[in-house]
Amino acid sequence: MEKLTAFIMCISLALLISACGKNSETSLKPGIYTLQNAEKNVPGDFTITIYDDETFQYYETPVSSYIGMGHYSIEKNVITLKEDEAGCTGDINCYQISDGNLLFIDNTSDNYRFVPLKDGALFLWTSDV
């Protein structure tokens, strides 16, 4: 009986630890995130679209026809966007996920061409995809 009780306690502890580990990952709602309150020298909204299949695309401005595309990964509270689709630059840009929005992390990012971002630039979730 003592062995059975110890076994059940070990299994319960293992399940509890694995459940806590899953909660440490941050998730992000798929949708369109729009740059807020940034000084830009180009017209239009800078948007990043996050899809639930771990892909993304971004569009800096209508002045350019370039649309960056690739795959993203989320580790803890940081989303990393890697442009790995054919014809893309290969740039990598990182954002901290904060209250369901994105904050640009300058020191680990390649940044952008038409709308260079400052550290902490805010992208708010604005709509579903």
Side-chain angles (χ1 to χ4, degrees):
M1 189 65 166
E2 288 177 17
K3 287 183 180 182
L4 179 61
T5 302
F7 176 74
I8 291 172
M9 289 178 65
C10 286
I11 295 296
S12 298
L13 182 59
L15 290 172
L16 179 64
I17 290 170
S18 73
C20 290
K22 289 179 183 175
N23 289 336
S24 68
E25 288 297 314
T26 301
S27 63
L28 189 63
K29 182 177 181 178
I32 299 171
Y33 293 78
T34 305
L35 179 62
Q36 305 294 306
N37 303 324
E39 293 181 27
K40 316 185 277 185
N41 296 326
V42 294
D45 287 333
F46 183 162
T47 60
I48 299 172
T49 305
I50 302 293
Y51 299 100
D52 60 3
D53 65 354
E54 296 183 356
T55 62
F56 74 93
Q57 72 176 30
Y58 72 85
Y59 186 61
E60 290 180 73
T61 174
V63 171
S64 169
S65 62
Y66 183 78
I67 298 174
M69 295 179 278
H71 292 84
Y72 68 85
S73 60
I74 297 175
E75 190 172 322
K76 300 198 181 188
N77 65 340
V78 174
I79 184 170
T80 301
L81 309 180
K82 182 176 183 181
E83 290 185 58
D84 55 8
E85 293 296 321
C88 289
T89 64
D91 286 350
I92 297 173
N93 289 291
C94 301
Y95 295 83
Q96 181 170 349
I97 301 169
S98 177
D99 295 325
N101 298 301
L102 307 175
L103 297 170
F104 184 68
I105 304 172
D106 184 49
N107 66 347
T108 58
S109 297
D110 292 322
N111 219 318
Y112 298 92
R113 306 293 181 266
F114 293 97
V115 183
L117 299 177
K118 293 181 180 177
D119 193 52
L122 173 64
F123 285 77
L124 290 178
W125 184 92
T126 51
S127 71
D128 285 321
V129 179

- Query: Would you find more than 12 non-hydrogen atoms of other residues, nucleotides or ligands less than 6.0 Å from Asp99 atom CG?
  - Reply: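 Atom CG in Asp99 is not crowded, with 12 or fewer foreign heavy atoms closer than 6.0 Å.
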So how far is it from [X] [atom1] to [Y] [atom2], rounded to the nearest 0.5 Å?
X     : Y      : atom1 : atom2 : value
Leu35 : Thr47  : CG    : OG1   : 10.0 Å
Cys94 : Leu103 : SG    : CG    : 13.0 Å
Thr80 : Ile92  : OG1   : CD1   : 7.5 Å
Asp84 : Asp91  : CG    : CG    : 11.5 Å
Tyr59 : Ile67  : OH    : CD1   : 6.5 Å
Phe56 : Glu83  : CZ    : CD    : 5.5 Å

Is there side-chain contact between [X] and [Y], with heavy atoms separated by less than 4.5 Å?
X      : Y      : result
Asn37  : Leu122 : no
Tyr33  : Leu28  : yes
Asn101 : Trp125 : yes
Leu117 : Phe123 : yes
Tyr72  : Ile50  : yes
Thr108 : Val78  : no
Ile74  : Glu54  : no

- Item | same_hphob_cluster(Met69, Ile32) at 4.5 Å side-chain heavy-atom cutoff |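 Met69 and Ile32: separate clusters.
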Of all the heavy-atom pairs spanning [X] and [Y], show the shortest one and how long it is.
X      : Y      : value
Gly87  : Tyr66  : O-CE1, 4.1 Å
Pro62  : Gly44  : CD-CA, 3.8 Å
Val115 : Glu60  : N-OE1, 2.8 Å
Gly31  : Val129 : CA-CG2, 3.3 Å

- Does Pro116 offer a backbone N or O that forms a donor-acceptor pair with the side chain of Asn111 under 3.5 Å?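 No, because the side chain of Asn111 does not come within donor-acceptor range (under 3.5 Å) of the backbone of Pro116.
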- Message: For the backbone of Pro43 and the side chain of Thr61, can you confirm whether one donor and one acceptor N or O come within less than 3.5 Å of each other?
- Response: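 A pair under 3.5 Å: yes.
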- Can you find a side-chain donor-acceptor pair between Asp53 and Thr55 that sits under 3.5 Å?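 On atom types as modelled, these side chains qualify, holding a pair under 3.5 Å.
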- Message: Check the orientation of Tyr95 and Tyr112. Use parallel for under 30°, tilted for 30 to 60°, and perpendicular for over 60°.
- Response: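 Ring orientation, 0 to 90° scale: tilted.
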